[in-house]
Structures are given as structure tokens and as C-alpha cells.
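The analysis underlying the following values was restricted to heavy atoms, covering all of them including side chains, and did not include hydrogens, waters or symmetry mates. Numbers here are sequence positions counted from 1.
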Amino acid sequence: MLNYLWAAMIAIGIIYAAFTGNLEAITNAALDSAGEGISLCITTAGVMALWMGLMEIAQQAGLVAKLTRGINPLLGFLFPRIPREHKAREYIATNIIANVLGLGWACTPAGLKAMEELAKLEAERGTPGYLPEGENVKSYGRETAGVHDGGNMTDGSGITDRKKGKRERVASNEMCTFLILNISSLQLIPVNMIAYRQQYGSVDPAGIIAPAIVATFVSTVAAVVYCKMKDSRKRRV
């Protein structure tokens, strides 16, 4: 969808410029923007290489492992149904730490691995849609064979299977909570914003740190409250 939106905006801009006699200005702006984009990528790559290197040093020195153990109580509060020794906890902790340090790019691999492990956890729980094809649904020790309902396949949990009996995947509470926290994450050092401000000539690139901490703290608190409210409501239902 985004590809169509961008293509439409570019086409509308070019057509409008052609009708208003500003096609040369559009061409010059496109060339200038391309140069700025390359310069920004080089600046951002340097900043990210620095912080990624520091993150790797911290990991090799055992600092990340200590931080992971330190936030275990927080993870227990946010994800009470994830077993303490499950790999998903480790990846979630790494993702949160990278986000707090403002390493948006560094947290992406850990976030993807966390989602993979959460999907495996749902398969272990027997959640419909996460089991291998042809395997019966197991929900916390109970087996429910699929039954037909108006031509569609349904499992014992009431989730309707789609074409050819394939079960529909539904994101778990843990997945939704992790995604929301990942989006709203508290940041102590907004590395990307500092790099952008430096690139475009800000006299105080780091001046964004205090406002960013306040804004992301508020967004994180709101995210935690929202997730806990939704989780509590789902349990009551």
C-alpha cells in the first residue's frame, strides 16, 4: 500500500510541475535530495557503527547479560505467562535494552527473534494456527479435533480455519504487548534524532535528549497501562 501511495504522490507532483512550468525545479530538487540522502546515510551509518560497536563490547563484557538479569522482574510483570527460562525472555530483554539506548536498528534482529520464540511458545501451548499442518489442536494438555461448521473448519477454541482447513493465526497477548512496548519504548539516548539534527546543522544536536526521555517515558507508561487493562479484560471474558 505504501508503494502505491508514494508512486501516486510522485506522479501527481511531476504532473502538477509539468502543467505549472516548474518541471526544472522538480528535477533540481530531486537531484539535491538524492545527494542529501547519501550524505545522511553516511552520517547515520557512522553514528550507528559507533553505538553498535559499544553494544557489542558491552555484550562481550557481560554487561548486557547483567542488564537482562536486572530487568527480569520487569519482564515478569509485563509477561507473566512466559516461562522464566524461555528464550523469548532473553530476546525481549535485548530488544528493550537496545531501545532504551536508542539503538533502533540494533533492536530489530532481537525483536524478530523474540517474535519467533513467542510463536514457538504458542505452538507449545497448542494454540490454533501455530501447529504443524495435520496436527491436532492441543490447548494446555487438552486435545480438540477439528469439526466442520458450515463448510469451514473450526477447532475446539472456536477459531475458524480458512481455505483447505488451514488454521487462522491470532497474535497472543505476549506478542501484542511486546509490539506495543517496542513502538512506545523509553529512550535515554535518541541516537537517530541526534544524528539527523547534527546532519542538518543543529547548534545543539543533543538538546533533544531531555524532551525525548519525557515523551518516551509517558508513552511507555501509557502502553503498559493499556496492555494491562486489555489483558485483564480478556481474562474476565
Side-chain angles (χ1 to χ4, degrees), residues 1-56 91-92 94-116 118-119 162 168-171 175-224 226-227:
M1 178 58 71
L2 287 177
N3 290 337
Y4 292 118
L5 290 175
W6 280 110
M9 287 190 289
I10 293 172
I12 291 172
I14 294 174
I15 294 171
Y16 181 79
F19 278 102
T20 58
N22 294 314
L23 199 56
E24 183 178 353
I26 287 288
T27 303
N28 293 335
L31 294 175
D32 292 341
S33 298
E36 287 184 11
I38 295 297
S39 179
L40 180 60
C41 286
I42 293 173
T43 301
T44 306
V47 174
M48 292 305 300
L50 170 64
W51 284 102
M52 289 283 288
L54 292 176
M55 188 75 172
E56 184 65 24
Y91 290 121
I92 290 173
T94 303
N95 177 271
I96 291 175
I97 292 169
N99 260 324
V100 168
L101 296 177
L103 305 175
W105 295 347
C107 74
T108 300
L112 294 175
K113 293 297 292 184
M115 280 296 187
E116 288 180 5
L118 289 175
R162 300 305 182 188
E168 180 184 10
R169 281 196 172 189
V170 177
M175 290 178 176
C176 294
T177 299
F178 174 61
L179 181 60
I180 293 172
L181 290 175
N182 191 63
I183 294 171
S184 65
S185 176
L186 171 68
Q187 286 193 4
L188 299 181
I189 308 174
V191 176
N192 289 345
M193 289 302 299
I194 292 174
Y196 296 152
R197 285 165 62 85
Q198 182 179 9
Q199 173 65 25
Y200 290 106
S202 173
V203 295
D204 185 16
I208 193 69
I209 291 179
I213 291 175
V214 174
T216 55
F217 175 79
V218 173
S219 66
T220 301
V221 171
V224 171
Y226 173 79
C227 291

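- With a 4.5 Å cut-off on side-chain heavy atoms, Phe178 and Met175 do not count as touching.
- Annotation: the span from Asn28 atom CG to Leu23 atom CG amounts to 10.0 Å, rounded to 0.5 Å.
- For the atom pair OH (Tyr91) and CG (Leu112), the distance works out to 11.5 Å, reported to the nearest 0.5 Å.
- The line from CG of Asn99 to CG of Leu186 is 9.5 Å long, rounded to the nearest 0.5 Å.
- The backbone N or O of Gln187 lies less than 3.5 Å from a partner atom in the side chain of Thr216, making a donor-acceptor pair.
- Side chain of Ser33 to main chain of Ala29: a donor-acceptor pair is present (N/O by atom type, distance under 3.5 Å, no hydrogens or angles).
- For the atom pair CD1 of Ile10 and CD1 of Ile14, the computed distance is 7.0 Å after rounding to the nearest 0.5 Å.
- Interatomic distance, Ile180 CD1 to Ser219 OG, rounded to the nearest 0.5 Å: 12.0 Å.
- For Arg197 (side chain) and Ala206 (main-chain N/O), no donor-acceptor pair under 3.5 Å exists by modelled atom type.
- At least one side-chain heavy atom of Leu181 sits less than 4.5 Å from a side-chain heavy atom of Val224.
- Residues Ile208 and Pro190 come closest through the heavy atom pair CG2-CG, 3.7 Å.
- When side chains are defined from C-beta on, Ile209 counts as touching Ile194, because their heavy atoms get closer than 4.5 Å.
- Taking both residues in full, the closest heavy atoms of Gly207 and Pro211 are given as O-CD, 3.5 Å, listed atom of the first, atom of the second, then distance.
- Note: Leu118 CG to Ile92 CD1 = 5.0 Å, rounded to the nearest 0.5 Å.
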